[in-house]
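What follows is one structure encoded as structure tokens, with my remarks underneath.
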Amino acid sequence: MTKATTELEIRLPMWEELPAFSLHLDQLLDLTNEVLEPIIGDKITKTMLQNYFKARILVPPVKSKYHRTQLAGAIVIGLLKNVFTLNEIKAGLLALLGNGTPKTGYNNFVVMFNEQAAKAGKELSDPTSLELKSASQATLMQYERRSVHFVLVVGEESFEGIDG
């Protein structure tokens, strides 16, 4: 996943791009940090992952084997942990998944994230590539909450820039 160019592409991998084979904890940690570090400038630790499993924020492994579900969850939590509490993340993940599959919930999150990352530094507009007609009510609510939160944060930064 390393780029040879000096320009960093901020993009999360889709579900189908995640390894389909079983992983050990160290491999899960390495893959998670390979995705997160260029985006957040920080790594998650083995202790953090173990705490996410213990708190049931992430689905615990089966016989110490980790799969796409745990990798996708670790990526999402790693991105959100500095903005939301773990309880808020857990509630958001449950709402986002609703009756859907982890694959659908993760891919919806990735589409929204990648679209916003591609627009960074450009004028914000409504997403065009996300098919909201087929999204569950939980996904729509999560998307609306995320959009409102983003607008509020951007608005606060704008006002701080004017006053400061």
Side-chain angles (χ1 to χ4, degrees), residues 1-5 7-121 127 129-132 135-136 138-147 149-150 153:
M1 289 190 196
T2 308
K3 292 194 65 85
T5 64
E7 183 178 321
L8 176 65
E9 178 186 7
I10 296 178
R11 181 188 166 281
L12 295 179
M14 297 297 288
W15 182 270
E16 295 77 15
E17 297 173 75
L18 300 176
F21 49 85
S22 299
L23 302 167
H24 294 286
L25 182 59
D26 288 338
Q27 294 170 310
L28 175 69
L29 190 61
D30 288 344
L31 289 170
T32 301
N33 285 327
E34 186 177 319
V35 171
L36 292 178
E37 191 174 15
I39 298 171
I40 64 172
D42 199 8
K43 293 183 177 184
I44 61 172
T45 65
K46 193 180 287 191
T47 302
M48 293 165 101
L49 277 179
Q50 290 170 337
N51 287 336
Y52 302 153
F53 293 125
K54 189 176 183 179
R56 300 260 186 221
I57 297 169
L58 285 176
V59 177
V62 176
K63 296 182 182 180
S64 298
K65 297 290 181 182
Y66 302 85
H67 302 280
R68 285 179 176 167
T69 303
Q70 287 91 3
L71 179 56
I75 290 169
V76 171
I77 291 168
L79 287 170
L80 301 177
K81 70 181 178 64
N82 292 327
V83 179
F84 299 101
T85 67
L86 292 181
N87 285 335
E88 289 172 330
I89 293 172
K90 184 176 184 177
L93 289 175
L94 291 173
L96 182 65
L97 291 176
N99 293 327
T101 64
K103 176 182 177 179
T104 301
Y106 175 76
N107 279 341
N108 285 340
F109 178 86
V110 168
V111 166
M112 288 184 278
F113 180 91
N114 287 347
E115 191 167 274
Q116 293 302 312
K119 291 180 182 180
S129 65
L130 183 62
E131 179 55 55
L132 293 177
S136 70
T139 300
L140 290 173
M141 288 171 41
Q142 184 67 16
Y143 177 75
E144 288 172 7
R145 179 174 180 240
R146 208 50 77 216
S147 296
H149 176 73
F150 181 75
V153 169

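Residue indices begin at 1 and follow the sequence shown. Worth knowing before you read on, the calculation uses all heavy atoms, side chains too, and leaves out hydrogens, waters and symmetry mates.
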Exercise. List in chain and number order the residues that pass side chain to side chain contact (heavy atoms under 4.5 Å, CB included) with Lys46, two or more places apart in sequence or in another chain; answer none if no residue qualifies.
Key: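 So Lys46 forms a side chain to side chain contact (heavy atoms under 4.5 Å, CB included) with Leu25, Asp26, Leu29, Gln50.
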| Partners of Lys43 by side chain to side chain contact (heavy atoms under 4.5 Å, CB included), sequence neighbours excluded? |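 Side chain to side chain contact (heavy atoms under 4.5 Å, CB included) check on Lys43 returns Asn33, Glu37.
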Any residue meeting salt bridge (charged side-chain N to carboxylate O under 4.0 Å, His left out) with Lys65, in chain and number order, not counting sequence neighbours: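 In terms of salt bridge (charged side-chain N to carboxylate O under 4.0 Å, His left out), with neighbours along the sequence ignored, Lys65 is linked to no residue.
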Taking all heavy atoms of [X] and all of [Y], pick out the closest pair and write down the distance.
X     : Y     : answer
Leu18 : Ala72 : CD1-CB, 4.0 Å
Arg68 : Glu16 : NH2-O, 3.9 Å
Thr32 : Ala74 : OG1-CB, 3.6 Å
Leu71 : Pro19 : CD2-CD, 3.6 Å
Gln70 : Pro60 : NE2-O, 3.3 Å
Gly78 : Ile44 : CA-CG2, 4.3 Å

Selection residues 13-37 - residue pairs positive for ring-ring contact (aromatic ring centres under 6.0 Å, His included), sequence neighbours left out: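 As it turns out, there is no ring-ring contact (aromatic ring centres under 6.0 Å, His included) pair with a partner in residues 13-37 once direct neighbours are skipped.
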task: Scan for ring-ring contact (aromatic ring centres under 6.0 Å, His included) pairs involving residues 35-82, sequence neighbours excluded, and state none if there are none.
output: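 Non-adjacent pairs meeting ring-ring contact (aromatic ring centres under 6.0 Å, His included): Phe53-Tyr66.
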Set out, in order, the CA-CA distance, both residues' side-chain angles and the distance that settles side chain to side chain contact (heavy atoms under 4.5 Å, CB included) for Val110 and Glu17, then state yes or no.
CA-CA 12 Å; Val110 168; Glu17 297 173 75; over 6 Å; no
What distance do [X] atom [atom1] and [Y] atom [atom2] have between them, rounded to the nearest 0.5 Å?
X      : Y     : atom1 : atom2 : value
Met48  : Ile57 : CE    : CD1   : 11.0 Å
Tyr106 : Leu12 : OH    : CG    : 5.5 Å
Thr85  : Leu80 : OG1   : CG    : 11.0 Å
Ile77  : Leu49 : CD1   : CG    : 8.5 Å

Taking side-chain hydrogen bond (donor to acceptor under 3.5 Å, both in side chains) as the test, write out the residues that go with Thr69, two or more places apart.
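Scan of Thr69 (side-chain hydrogen bond (donor to acceptor under 3.5 Å, both in side chains), adjacent residues dropped) gives none.
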message = For a 4.5 angstrom cut-off between non-hydrogen side-chain atoms, does Ile39 reach Phe113?
response =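 Yes, their side chains come closer than 4.5 Å.
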Taking the side chain as everything from C-beta on, heavy atoms only, tell me whether Asp42 gets closer than 4.5 Å to Lys81.
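Touching, per the 4.5 Å side-chain cut-off.
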Test item: Asn107 side-chain N/O and Met14 main-chain N/O as donor-acceptor pair under 3.5 Å:
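Not confirmed, Asn107 side chain does not pair with Met14 backbone.
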Kindly indicate, with the supporting measurements, whether the criterion side chain to side chain contact (heavy atoms under 4.5 Å, CB included) is fulfilled by Val35 and Leu31.
CA-CA 7 Å; Val35 171; Leu31 289 170; over 6 Å; no
